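Computed from a prediction, not measured in an experiment: that's the story for all the values here.
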Amino acid sequence: MPIYHLLAAAPDVSSYDLTPGRLWSLVAIVLGLAGVVLGGLALARANGRRRAAVALAAGLAGAVVGGLVVAAAEGGPGTGYGIVGGYIALVVGLVGVALGGLALARSRRSAMSR
């Protein structure tokens, strides 16, 4: 069974139901937000190398899951496939990747200058 069947939802759902696509997009958004928060905290602190690596991983996971949700969606907004949340997760996840990468590069520079 391909993975996109786990991400796609049945098209005859109410606009208030929590479908599998919407659930996966929420999971992806939470992962992306964790990456953004941890990346911001790692940038704020001088020695946040581990936090930066976790932010990078969480942001990447959020972006990948969001991309899978978008790829598996068979309808537009309001159809229950979670496409709007998937796009949000893509953006938030990429921001988390950027912040985590910046913090990781900064921690490497500060470690080399010691």
Over all heavy atoms of both residues, which pair between [X] and [Y] is shortest? Give the atoms and the distance, please.
X    : Y   : answer
V69  : W24 : CG2-CB, 3.7 Å
R45  : R51 : NE-NH1, 3.5 Å
G100 : A55 : CA-CB, 4.1 Å
S25  : G85 : CB-C, 3.6 Å
A28  : G66 : CB-N, 3.7 Å

Answer yes if [X] and [Y] sit in the same cluster of Ile, Leu, Val, Met, Phe, Trp and Tyr residues linked by side chain heavy atoms under 4.5 Å apart, and no otherwise.
X   : Y   : result
I29 : L23 : no
L33 : Y87 : yes
I88 : V95 : yes
L94 : L60 : no
L26 : L68 : no

Exercise. Only one of L38, L104, L99 passes side-chain contact (heavy atoms from CB on, under 4.5 Å) with L43; say which it is.
Key: L99

Quiz item: Quick one: CD1 on I83 to CD on E74, what's the gap to the nearest 0.5 Å?
Solution: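 Output value for this atom pair is 10.5 Å.
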
Exercise. Could you tell me whether the side chain of T19 and the main chain of Y81 form a donor-acceptor pair under 3.5 Å?
Key: no

